[in-house]
There are 2 protein chains.
Amino acid sequence: MERPELGYLLTRLLRTAMAREEPILANAGLRMWDYAVLSALTENAAPTQAQLAAATGRDKTRLIGNLDQLERLGLVTREPDPADRRNRVVSLTAEGRRILERCRADIREMEDDLLRDVPPGDREAFERVLTRLVDPLD
Amino acid sequence: MERPELGYLLTRLLRTAMAREEPILANAGLRMWDYAVLSALTENAAPTQAQLAAATGRDKTRLIGNLDQLERLGLVTREPDPADRRNRVVSLTAEGRRILERCRADIREMEDDLLRDVPPGDREAFERVLTRLVDPLD
DNA sequence: AGAATAAGTAAGCATGCGTAGACGATACAC
DNA sequence: GTGTATCGTCTACGCATGCTTACTTATTCT
């Protein structure tokens, strides 16, 4: 058998990774996109929702539902920017940061388990290549 | 910044890999699923379409459209199994094999280009890990 | 006052998937 | 033979996703 193609391998692996990630997020009341949006707020709050949409690659109109959900769970706040009250500044709440960190830890644990049979050197190379390939796409 | 998550990296990378693969397949008149189905016929012909559907993970009813397209292009044949004429044996034609090999070569070339900046050792480790992670999922 | 922008809301359209029911052709058990 | 089951096919439906468009509201800027 020939070496399988990248697309095939990546599709398969991504599918299982997502399948394992979903219950972790569901446990916190989150869907994939909710988590992606939440994650994008780690570094700093988003000055406008349009900017947040652009940063996450989420459609502007679909982002709203995610923010609704995150707000409902008390993980983020949407507050009018005092400087320009048309804008809504989206920030993590303390609870939001707590949940985010917990998800991150759980996901990390899941990944460790997924990669448990991979020799450390190979794992490092694997992550190095992944990061390198993705980086220049920014 | 923390190490990015596997899910994130895989999603990004898969997206670009697919984006680069699509035109190659379109060049042969194929969509992703057409190619996946075609590819599944490399080793041996599929004794029944139901089996082919199972092998590719494609829904039984959706497979039909792919086979129609592949047949239209003269890449596969659907012939009643003499032993049980309810079954249709799906096989590659000579042209089908030719196109398949051409796509494979083009895709391989695309992958080489995608990975051109990755040191050979890392690349080997990368592919080794990918294969290893996907393998036990069967 | 009037134009422009941000957020929210809704509607329409396209895609893709899976399910279910019906059909004809065929096979098989009795 | 007759009845039952299976295979491939087709059609119709429901579901989820996503993009585009347009309209409303609040707010800002000129």
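Naming: A, B, ... by sequence-line order, numbering from 1 per chain.
Summarising the geometry, the separation between CZ on A/R31 and C1' on D/dC15 is reported as 12 Å, rounded to the nearest angstrom. The distance between atom CE of B/M32 and atom C1' of C/dT15, rounded to the nearest whole Å, is 16 Å. Separating the CG atom of B/N66 from the P atom of D/dG8 is a distance of 15 Å, rounded to the nearest angstrom. Note: CZ (B/R88) to P (C/dA27) measures 12 Å, nearest angstrom. Look at CG on A/L63: it is 14 Å from C1' on D/dG18, rounded to the nearest Å. The CZ-P distance, from B/R15 to D/dG18, rounds to 10 Å in whole Å. Regarding B/E79, its CD atom lies at a distance of 14 Å from the P atom of D/dG8, rounded to whole Å. In this entry the distance linking CD1 of A/I64 with P of D/dC19 reads 13 Å, nearest Å.
Taking 4.0 Å as the cut-off between side-chain N and carboxylate O, A/D117 and B/R132 do not count as a salt-bridged pair.
Atom CZ of B/R123 has more than 12 heavy atoms from other residues, nucleotides or ligands within 6.0 Å.
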- Message: One character per nucleotide, please: for nucleotides 17-23 of chain C, 5' to 3', B when the base has a protein heavy atom closer than 4.0 Å, S when only the sugar-phosphate does, - otherwise.
- Response: BBBB---
- Task: Going 5' to 3' through nucleotides 25-30 of chain D, assign each nucleotide B (protein heavy atom under 4.0 Å from a base atom), S (under 4.0 Å only from sugar-phosphate atoms) or - (no protein heavy atom that close).
- Result: --BS--
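With sequence neighbours left out, the side-chain hydrogen bond (donor to acceptor under 3.5 Å, both in side chains) criterion links A/E95 to A/R98. Listed by chain and number, the residues in a side-chain hydrogen bond (donor to acceptor under 3.5 Å, both in side chains) with B/D84 are B/R86 (sequence neighbours excluded). Among residues two or more places apart in sequence or in another chain, the side-chain contact (heavy atoms from CB on, under 4.5 Å) test is passed with B/R102 by B/N27, B/A28, B/I99, B/D106.
Geometric assessment of B/R58 against the ring of B/W33 yields a positive cation-pi assignment under the 6.0 Å and 45° thresholds.
There is no path of hydrophobic side-chain contacts, each under 4.5 Å, that joins B/I64 to B/M32.
Each of A/L100, A/L70, A/V90 was scored for a side chain to side chain contact (heavy atoms under 4.5 Å, CB included) with A/L41, with one residue passing: A/V90.
For residues 68-78 of chain B, the set of pairs meeting the salt bridge (Lys or Arg N to Asp or Glu O under 4.0 Å) definition, not counting sequence neighbours, comprises B/D68-B/R78, B/E71-B/R78.
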